[in-house]
Asks: 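Quick one: this structure, given as structure tokens, is what I'll be asking you about.
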Amino acid sequence: MRVGVLGARGKVGSEVCRAVEAAEGMELVAAVDAGDAVDTLVTAGAQAVVDFTHPDVVMDNLEFCIDHGIHAVVGTTGFDDARLDTLRGWLADAPSVGVLIAPNFSIGAILMMRFAAAAAPFYESVEVVELHHPTKADAPSGTARRTAELIAAARHDAGLGPVPDATSTGLDGARGAVVDGIHVHGLRVRGLVAHQEVILGGPGETLTIRHDSLDRASFTPGVLAGLRAIDTHPGLTVGLEHFLDLD
Ligand SMILES: NC(=O)C1=CN([C@@H]2O[C@H](COP(=O)(O)OP(=O)(O)OC[C@H]3O[C@@H](n4cnc5c(N)ncnc54)[C@H](OP(=O)(O)O)[C@@H]3O)[C@@H](O)[C@H]2O)C=CC1
Ligand SMILES: O=C(O)C1=N[C@H](C(=O)O)C[C@H](O)C1
């Protein structure tokens, strides 16, 4: 497979370039960063791209790739329902192209989200705390948003009501952001990479599910798995778990 990387000089993109170069059956044919011509992907004959750029530019990148019949494996964050619908519209005109949007490529983070959704029906309280390096573009993290959505859906299916919270006054922001009714807190601390805790609570007990990416190498096996599967999964897929055999 001939692979191009967008965001190739970034923190994750540079790891991905190394991983693609070392991967059996893959060739890195284009390494594109800010200011480089995206047309390079076409002249180099890229069959698939990996995008780890910025939420402000990723939609333009994907429009280009879909228009040119190039599959895309996307780690960049910032996807809401409106963006996903836009992608579905573009893909309707390019039915053989596959796009994978993965809020997190590390296997531990995928399992953490799964465990959190499984535990959610059993606890009255739940909050999400994400902790990242201070150069992160977005807050809360894409992983935290996705986790909160999965927890909210699991609570809804189980017939649970809102999480209890007696707060009536306080400083703005003290209770974090709210995603689908679930409070999400973001910390930015030098020295951290990417970490998340889901804290669930019921009478007399709490359960804490924690995941730590200690190195950006944690993301590359998932990216390679996405690349290996993308040409047999046309259309839009959200979440690498759909390409993995987790059951
Ligand atoms: N899904 C997952 O598993 C993970 C997702 N991420 C997400 O990936 C994204 C990137 O993260 P990270 O690597 O830490 O960020 P970095 O800022 O380190 O890297 C992004 C790179 O993309 C470059 N860039 C900006 N615009 C373009 C463009 N139009 N075309 C090509 N390259 C461009 C930037 O250049 P410049 O600095 O000059 O602007 C920079 O080199 C974020 O959204 C982050 O949340 C991160 C880790 C894991
Ligand atoms: O910017 C990061 O670093 C990360 N971004 C992703 C996110 O927002 O969830 C994945 C991981 O948390 C690292």
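First listed ligand is number 1; within each ligand, the first listed atom is number 1. None of these values were measured; they are calculated from a predicted model.
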Asks: Taking the minimum heavy-atom distance to atom 29 (N) of ligand 1, which of T76, V58, D36, V57 ranks first?
Replies: V57
Asks: Is K136 close to ligand 2, meaning an N/O of one under 3.5 Å from an N/O of the other?
Replies: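 N/O-N/O distance under 3.5 Å: yes.
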Asks: So, is F219 polar-close to ligand 2, with some N/O to N/O distance under 3.5 Å?
Replies: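 Between F219 and ligand 2, no N or O pair is found under 3.5 Å apart.
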Asks: Do any nitrogen or oxygen atoms of T77 come within less than 3.5 Å of a nitrogen or oxygen of ligand 2?
Replies: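 There is no such contact.
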Asks: Quick one: look at P103 and ligand 2, take heavy-atom pairs under 4.0 Å, and tell me if it's side chain, backbone, both or neither.
Replies: backbone
Asks: Counting only heavy atoms closer than 4.0 Å, does ligand 2 sit against the backbone of H132, its side chain, both, or neither?
Replies: side chain
Asks: Of all the atoms in ligand 1, which lie at a distance below 4.0 Å from a heavy atom belonging to F219?
Replies: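 Reading through ligand 1 atom by atom, the close ones are 3 (O), 47 (C), 48 (C).
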Asks: Using a strict cut-off of 4.0 Å, indicate which atoms of ligand 1 neighbour a heavy atom of K136.
Replies: 45 (O)
Asks: Which part of H54 is near ligand 1, with near meaning a heavy atom under 4.0 Å away: side chain, backbone, both or neither?
Replies: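 Neither part.
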Asks: Is the contact between S141 and ligand 2 made by the side chain, the backbone, both, or neither, using heavy atoms and a 4.0 Å cut-off?
Replies: both
Asks: Do any nitrogen or oxygen atoms of T77 come within less than 3.5 Å of a nitrogen or oxygen of ligand 1?
Replies: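 Yes, at least one N or O pair falls under 3.5 Å.
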Asks: Under 4.0 Å, heavy atoms only, figure out whether ligand 1 is touched by the backbone of S213, its side chain, both or neither.
Replies: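 For S213, there is no contact with ligand 1 at all, from either part.
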Asks: Among G226, S218, A31, G7, which one has a heavy atom closest to atom 21 (C) of ligand 1?
Replies: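 The residue whose heavy atom sits nearest atom 21 (C) of ligand 1 is G7.
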Asks: Please state which option from V12, T53, V38, V193 has its nearest heavy atom closest to atom 9 (C) of ligand 1.
Replies: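 When every heavy atom of V12, T53, V38, V193 is considered, T53 comes closest to atom 9 (C) of ligand 1.
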Asks: Hey, is A102 touching ligand 1 through its side chain, its backbone, both or neither, going by heavy atoms under 4.0 Å?
Replies: backbone
Asks: Applying a heavy-atom cut-off of 4.0 Å, say which part of K11 lies close to ligand 2: side chain, backbone, both or neither.
Replies: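 K11 to ligand 2: no contact under 4.0 Å from either part.
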Asks: From atom 34 (C) of ligand 1, work out which of D33, N61, V16 has a heavy atom at the shortest distance.
Replies: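 Result: the heavy atom closest to atom 34 (C) of ligand 1 is in D33.
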Asks: Minimum distance, heavy atoms only, to atom 4 (C) of ligand 1: which one of F105, F79, F52 is it?
Replies: F52
Asks: Nearest heavy atom to atom 5 (C) of ligand 1: which of G10, G75, A109 does it belong to?
Replies: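 Considering heavy atoms of G10, G75, A109, the nearest to atom 5 (C) of ligand 1 sits in G75.
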Asks: Is ligand 2 under 4.0 Å from a heavy atom in the side chain of N104, in the backbone, in both, or in neither?
Replies: side chain
